[in-house]
Amino acid sequence: IVGLPGETEEDLLKTMDYINSLPIEGVKLQLLHVLEHTDLAQLYRSGQYTPLTLEEYIDLLCACIARLRPDIVLHRLTGDGDKNILLAPLWSLNKRHVLNTIHKTLRQRNIRQGMDFGEKQAKTAVFRFFSYFMFFFSQKYVMIRVSNTERRGFHVRRIHSAVSGA
């Protein structure tokens, strides 16, 4: 969720780095909506929370997309708040305009997914991918070895199974 109270761009990019370190295939980026009958609505009405402007949201999306590992599928760039209870941001009601503006901005800025995903992050992602699979499969009594094959993705080989003894 993009636009959480108190979250900075740095916080959001750390979240993207964490996502990059996980063996996931897709993510959804979602604008925070202020809806009636919520704690956030109370913060909004009291002036303690200000929702993102369209321009701020798009700036953050651009940073997220550039930082996101190129192999992760982006399933969503924005979402819909229930128009009957949406308090803010009202600009999100015009989804066609929002999506067209996102597309135009990405093109104008020449933003490509993963363009800021550097070698340091790639090494961390490989390490955490390896750690995750060792844990996941060890819970099922299977040990595997995962290695990064140059530009071909990951190679997974089972090296021992406590169940079969293989």
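This structure is a prediction, so every number in the text was calculated from the model and none was measured.
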Between atom [atom1] of [X] and atom [atom2] of [Y], what is the distance when rounded to the nearest 0.5 Å?
X: His97; Y: Ile102; atom1: NE2; atom2: CD1; value: 10.0 Å
X: Phe117; Y: Asp71; atom1: CZ; atom2: CG; value: 7.5 Å
X: Ile85; Y: Asp82; atom1: CD1; atom2: CG; value: 4.5 Å
X: His103; Y: Leu99; atom1: NE2; atom2: CG; value: 10.5 Å
X: Leu32; Y: Glu7; atom1: CG; atom2: CD; value: 9.5 Å
X: Leu77; Y: Lys28; atom1: CG; atom2: NZ; value: 12.0 Å

Taking the side chain as every heavy atom from C-beta outward, state whether [X] and [Y] have any atom pair closer than 4.5 Å.
X: Thr78; Y: Val98; answer: yes
X: Glu56; Y: Thr53; answer: yes
X: Leu54; Y: Pro89; answer: no

Under 4.0 Å between a side-chain nitrogen and a carboxylate oxygen: does that hold for Glu9 and Arg67?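 Salt bridge: no.
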
Short N-O contact, Arg109 and Asp59, less than 4.0 angstrom: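 Asp59 and Arg109: salt-bridged.
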
Run the side-chain hydrogen bond (donor to acceptor under 3.5 Å, both in side chains) test on Glu10 and Thr8 for me, step by step, so that the C-alpha distance in whole Å, both residues' side-chain angles and the decisive distance to 0.1 Å come before the verdict. CA-CA 5 Å; Glu10 182 181 341; Thr8 65; 5.2 Å; no

Heavy-atom pair of closest approach, residues [X] and [Y]:
X: Leu87; Y: Glu36; value: CD2-OE2, 3.2 Å
X: Tyr49; Y: Gly3; value: OH-O, 2.8 Å
X: Cys62; Y: Thr105; value: SG-CG2, 4.0 Å
X: Tyr44; Y: Val34; value: CB-CG1, 3.8 Å
X: Asp11; Y: Gly6; value: OD2-O, 3.9 Å
X: Leu29; Y: Cys64; value: CD1-CB, 4.1 Å

Same cluster for [X] and [Y] if Ile/Leu/Val/Met/Phe/Trp/Tyr side chains link at under 4.5 Å?
X: Leu40; Y: Val2; result: no
X: Leu31; Y: Leu4; result: no
X: Met16; Y: Ile24; result: yes
X: Leu106; Y: Trp91; result: yes
X: Ile1; Y: Ile72; result: no

Is there a side-chain hydrogen bond (donor to acceptor under 3.5 Å, both in side chains) between Asn110 and Arg112? Walk through the geometry before answering. CA-CA 6 Å; Asn110 199 28; Arg112 299 287 181 259; 3.1 Å; yes

Would the number of heavy atoms belonging to other residues, nucleotides or ligands and lying under 6.0 Å from NZ of Lys14 be above 12?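 Atom NZ in Lys14 is not packed in, count stays at 12 or less.
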
Over 12 foreign heavy atoms within 6.0 Å of CD, Glu25: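 No, because the 6.0 Å sphere around CD of Glu25 holds 12 heavy atoms or fewer from other groups.
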
Leu86: partners by side-chain contact (heavy atoms from CB on, under 4.5 Å), with sequence neighbours left out: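 Testing Leu86 for side-chain contact (heavy atoms from CB on, under 4.5 Å), a comparison that skips the adjacent residues, returns His33, Leu35, Leu90, Ser92, Leu93.
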
With ILVMFWY side chains joined below 4.5 Å, transitively, what does Val73's cluster contain besides itself?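 Under the 4.5 Å side-chain rule, Val73 groups with nothing.
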
Test Val27 against His75 for side-chain contact (heavy atoms from CB on, under 4.5 Å), laying out the working first. CA-CA 6 Å; Val27 297; His75 294 287; 5.9 Å; no

Do Asp116 side-chain atoms and Ala66 backbone N/O form a donor-acceptor pair below 3.5 Å?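 Checking the backbone N and O of Ala66 against the side chain of Asp116, no donor-acceptor pair under 3.5 Å is found.
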
